[in-house]
Visitor: 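Encoded as structure tokens, here's the structure I'll be asking about.
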Protein chains: 2
Amino acid sequence: MDRMKAGDDSLKEALKPPGRGGRRAPRAQPHTDASIHAAIARAILHGELKAGAKLPEHRLAEIFGASRERIRKVLHRLAAERRLEIIPNRGVRVPQPTIEEVKRVYEAHRVLEAGVIVQLVSMLDARILGILDAHLAQERLAAERGDRAESVRLSGAFHLHLVDALGNPELSRFLRDLLSRSSVMVSVYEPASQSICAVDEHGAIVEALRARDATRAIQLSHHHFLHVEQRLHMEPKNETAADLKEIFRGAARGAK
Amino acid sequence: MDRMKAGDDSLKEALKPPGRGGRRAPRAQPHTDASIHAAIARAILHGELKAGAKLPEHRLAEIFGASRERIRKVLHRLAAERRLEIIPNRGVRVPQPTIEEVKRVYEAHRVLEAGVIVQLVSMLDARILGILDAHLAQERLAAERGDRAESVRLSGAFHLHLVDALGNPELSRFLRDLLSRSSVMVSVYEPASQSICAVDEHGAIVEALRARDATRAIQLSHHHFLHVEQRLHMEPKNETAADLKEIFRGAARGAK
DNA sequence: TTGGCAAATAATGTGCACATTCGTATTTCT
DNA sequence: AGAAATACGAATGTGCACATTATTTGCCAA
């Protein structure tokens, strides 16, 4: 028979909006390399493509209406960015990180953020503090509303704000890479409920920064990451992946 | 006539040893993807491929004796790693960083190393100190011998030892990316003579680490990087690139 | 002589077809 | 009946040929 493993039609759902959501399908340029790349990256980031999900290039080609070679190029690029994993002659999958790799990513983030804090206290100004304060307000609002999805998103954005404040593209890009890998991890080793990053801990870090106390800010950040790591479940969830067509439905070819 | 720009035959020279240098050409497997990737990466790292050098895929294909598609795949991967720059429909070149980008890379390295130091003082042991001490001894030896090339290599390796001591692959990989980009920069904005990184400054950092004085180590590291930045010339050298065949001669197909 | 324009040329981008390899299912032997 | 070997099928890997785009060269005109 067809040996369809676990429903193979949900890939379409994940790759919805390459950016602009509501426009009616333009024409003549259904999908550029960048839009396919963005669609798949977004699906991974949003957890719609679960860890371990297979991405057959032939299937993706027909979903996006693109040739297999274009899909192939995008897939290889995503693999070079560590967002996908290519096993020779066996296809491409969403990486299924081990618990050790998860800890390495968090450790890397922790080490980087310590360096960021050191640099930040020497160049902190009202503008940066304003951004951080505004962000904390958003986080509190989302927490009060009980908007869990938004809280998760904002808790990641907090750390992005810290590096982005330095204005260094290299560092920002590195952290984004780490976060994109973290997002896959939360779908596997799902943290206990509640917000991933407690708002209070973020607030405390900002206060230490405001006081130009790098040592204290680093300590707070350090403990903050330890809390996050402790919330991770030690055993992977191992759920069956949704099918590709569903995932990429919106992103597929606009309106087929 | 032939419009050979600046001698187009030096590409071969740069891509010499994919790793093993002296072995006589094996057979049947002239070049795998990895070996081509390594050869080009090495040529960039060693400064044999100067900034702004063009790498026509057809030329590389005949040099390595591989198909154009394989070259193409490797080139795209190198571009994803920020080692090469692809301009659509205009080919691939070695990136020619601006002085601002150079400073960003050094700043990123400096910020990262601050975080590394923070983590390092909390997990420093005799083994790590031994590695660092041994490295310093090598650096002093090279300096006494006046071996400038070796000094440059070792000064970069010192910072690699610092991150590698943490045992975190993510951080090590990030720093290697940064260093690979720095190597292109020194060929453009050539630092004043003398060693790039003074051995004494490295030694002082190790001493601060030995004393578990993170603050002092960070300060030393910070000033160390400022010194390196100050040594950069502010104007690019703009020299004509050597030709490809020469660069990749050894690496090409072993024994033509 | 210089400036712009047009054709030729070379290099890149793309799609197609074939070769290779891995997983699966069937068959056969013990 | 169980296990191993084999054959089948699907998916990936690779090379080739064509289309498209940029760059250069030659020419013409001002």
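By convention in this document, chain letters (A, B, ...) are assigned in the order of the sequence lines, proteins followed by strands, and residues within each chain are numbered from 1. Because only heavy atoms are used, hydrogens play no part in the values below, and waters and symmetry mates are left out as well, while side chains stay in.
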Visitor: Quick one: do A/Glu48 and A/Arg42 make a salt bridge, cutoff under 4.0 Å?
Guide: yes
Visitor: So, A/Asp33 and A/Lys73, do they make that salt bridge, N to O below 4.0 Å?
Guide: yes
Visitor: Using the ring of each side chain (for Trp, its six-membered ring), is B/Phe174 parallel, tilted or perpendicular to A/Phe174, with breaks at 30° and 60°?
Guide: parallel
Visitor: Choosing from C/dT12, D/dG15, D/dT12, which nucleotide comes nearest the side chain of B/Pro56?
Guide: C/dT12
Visitor: Take atom NE2 of A/His76 and atom C1' of D/dA11, then tell me their distance rounded to the nearest Å.
Guide: 13 Å
Visitor: Write down the distance between CD1 (B/Ile71) and P (D/dG15), rounded to a whole number of angstrom.
Guide: 10 Å
Visitor: Given atom CD of B/Glu57 and atom C1' of C/dA10, what is their separation to the nearest angstrom?
Guide: 12 Å
Visitor: What is the distance from CG of B/Leu75 to P of C/dT12, rounded to the nearest Å?
Guide: 9 Å
Visitor: Regarding A/Arg72, tell me which of base, sugar-phosphate or nothing describes its non-hydrogen contacts under 4.0 Å with the strands shown.
Guide: base
Visitor: If you compare every side-chain N and O of B/Lys73 against the phosphate oxygens of D/dG13 (OP1, OP2), does one of them come in below 4.0 Å?
Guide: no
Visitor: Hey, is A/Lys103 close enough to A/Glu100 for a salt bridge, meaning N to O under 4.0 Å?
Guide: no
Visitor: Does D/dA11 have OP1 or OP2 sitting under 4.0 Å from an N or O in the side chain of A/Lys54?
Guide: no
Visitor: Expressed as a whole number of angstroms, how long is the span from B/Asn89:CG to D/dA19:P?
Guide: 16 Å
Visitor: How long is the line joining CZ of B/Arg70 and C1' of C/dG13, in whole Å?
Guide: 20 Å
Visitor: C/dG23 C1' sits how many Å from A/Ile87 CD1, rounded?
Guide: 13 Å
Visitor: B/Arg90 side chain N/O closer than 4.0 Å to the phosphate oxygens (OP1, OP2) of D/dA22?
Guide: no
Visitor: Under 30°, 30 to 60°, or over 60°: which ring-plane class applies to B/His109 and B/His159, parallel, tilted or perpendicular?
Guide: perpendicular
Visitor: What's the CD-C1' distance between B/Glu62 and C/dA10, to the nearest Å?
Guide: 13 Å
Visitor: Under 3.5 Å, is there an N or O donor on one side and an acceptor on the other linking the side chain of A/Arg68 and the base of D/dG13?
Guide: yes
